Amino acid sequence: MPGLELEPGHPQYRRSLLGLFLIGVSTFGLMYTVQPLLPTIGDQFGRNAAEAAWLLSATTLGIAVSVIPLSRVARRLGWARSMQLGLLIAAVGGFGSGVAPGWELLVGARGLMGVGLGFILVSAMAWVADQAASWSFATIGGLYISGTTMGGVLGRLSSGMFAEFHEWHGAILITTALAAGTGVLAHLLLPATPRTTGRAAAGQTAGPDPNRWLRLRMFLVGGFGMAAFVGVYNVTTYRVAGEPFGLGPGFTGLIFLTYLSGTLTSAVVGRWVQRWSIARVMLPAVVVAALGIAITLIDSVWAIVGGLLVLSAGFFAMHAVANAAAARYSPAPSTSSAVYSLAYYLGSSVGGIVVGLAWDAGGWPASALVAVGLLALAGVAGTTAKPVVLAR
């Protein structure tokens, strides 16, 4: 049974765009709620910075270990139902972390949230692959990625803001409620879809897979690109706190507003792919991201902020293209989305360590050099991608 073939002019097109955007906002709003609260929570439980980081790492680890098996479950349940179930599980984990009486339960609740978010991550792009017209796939998928950037910003800012008026328990509970409510609204907006669609059925057909190497390249773009991106942001928090800047945690939290440039580029990059190609869009995106890192070499707060704005614009364009292509050019979109998520969050974990080691060894110039090297690896993978269009 064919999907909705969503495209401009379709009666459900605008509702679907808004629904996918809000799913991205909800998902990443839940994920990053605790990040600005790590020092406060760590102090209460007597945990150092490395131990407190487990509150976020437990969530990303939950995603990484669950996305492959969950992709199979999601295919049986259907993408929309899987996203709904994932939202429920993630919300339970979020509320649980807000009331957890002990450290182990708190970390466990955050891990449970990761499992729920894994359901959403493997299903969202698969839903788009099934329901979008082939030429509008990148546009719709890009808007979902745009929502994830906005959710990451809002989740961090709202929990930090509420923590000024409530203790961290209340900040987590309020932010979780807002993110979960956004997710519910998103699913009310998404149109009803056929249970079995052409793209799902395509995953059951035998024959050669001409886009296997394309998808591998997209996984490498996601992994290496995220490694550079997360590494730079992690080390930046240490850089601005030290000399000659000596800035406090309030400003550090505001740094994440630079993500918003990625909200813009990921929303429009799909149109560029339609006009040109994956490789022709990926090359300038990588160059822009690398240029952003180069700008941060200037010892100025404004240069750091400007450089991060440029980096975010380039990186999220790369991510939107790669994530959408991995699902679109696959006979099993949920499986490809799962592997992409695995590569993405593995890159996040490894990049934070590798760029952090460079910081310890040689300061910001060494960190910037390593990050640009990681972007170069992503660029080589992305700019050699030549997809073969699969039959719908």
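Heads up: numbering here begins at 1 and tracks the sequence. These numbers come from a predicted model, not from an experiment.
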Looking only at non-hydrogen atoms, find the nearest pair between [X] and [Y] and report the distance.
| X | Y | value |
| --- | --- | --- |
| L70 | G118 | CD1-C, 3.9 Å |
| M113 | A90 | CE-O, 3.7 Å |
| A227 | V355 | O-CG2, 4.2 Å |
| M318 | A378 | CE-CB, 3.9 Å |
| I278 | A325 | CD1-CB, 3.7 Å |
| A371 | A228 | O-CB, 3.4 Å |

According to a 4.5 Å side-chain heavy-atom criterion applied to Ile, Leu, Val, Met, Phe, Trp and Tyr, with indirect links allowed, do [X] and [Y] form part of one hydrophobic cluster?
| X | Y | value |
| --- | --- | --- |
| V230 | V288 | no |
| V286 | L291 | no |
| I295 | I304 | no |
| L264 | V310 | no |
| V184 | F21 | yes |

Counting C-beta onward and ignoring hydrogens, is there a side-chain heavy-atom pair between [X] and [Y] closer than 4.5 Å?
| X | Y | result |
| --- | --- | --- |
| R47 | W54 | no |
| L189 | L22 | yes |
| T263 | V153 | no |
| L77 | M83 | no |
| I23 | H187 | yes |
| M282 | R217 | no |
| T149 | L260 | no |
| I63 | M31 | yes |

Residue pair V370, L357: steps toward the side chain to side chain contact (heavy atoms under 4.5 Å, CB included) verdict: CA-CA 10 Å; V370 170; L357 290 173; over 6 Å; no
Euclidean distance, [Y] [atom2] relative to [X] [atom1], rounded to 0.5 Å:
| X | Y | atom1 | atom2 | answer |
| --- | --- | --- | --- | --- |
| S341 | L117 | OG | CG | 10.5 Å |
| W364 | L369 | CH2 | CG | 12.0 Å |
| Y344 | H319 | OH | NE2 | 3.5 Å |
| M226 | F315 | CE | CZ | 5.5 Å |
| L121 | Y345 | CG | OH | 5.0 Å |
| L154 | L178 | CG | CG | 9.5 Å |

Steps toward side chain to side chain contact (heavy atoms under 4.5 Å, CB included) verdict (L20, L190): CA-CA 8 Å; L20 264 295; L190 286 184; 3.4 Å; yes
Say whether, by atom type as modelled, one donor and one acceptor occur between the side chain of [X] and the main chain of [Y] under 3.5 angstrom.
| X | Y | value |
| --- | --- | --- |
| R110 | A58 | no |
| S71 | I68 | yes |
| R15 | L188 | yes |
| T175 | I172 | no |

Near-ring test F229/Y259, centroid separation under 6.0 angstrom: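 Close enough - the centres of the two rings lie under 6.0 Å apart.
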Donor-acceptor side-chain pairing of T182 and S26 below 3.5 angstrom: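 Absent: no donor and acceptor within the cut-off.
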Distance-only polar pair, side chains of T258 and Y233, donor-acceptor under 3.5 Å: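 Short answer, yes.
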Geometric class of the F28/Y32 ring pair [parallel <30°, tilted 30-60°, perpendicular >60°]: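 Plane angle between 30° and 60°, so tilted.
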CA sep, side-chain torsions, deciding dist, call: V73, F119, side chain to side chain contact (heavy atoms under 4.5 Å, CB included): CA-CA 9 Å; V73 177; F119 252 129; 3.8 Å; yes
Derivation of the side chain to side chain contact (heavy atoms under 4.5 Å, CB included) call for L311 and L308: CA-CA 5 Å; L311 167 63; L308 293 177; 4.2 Å; yes
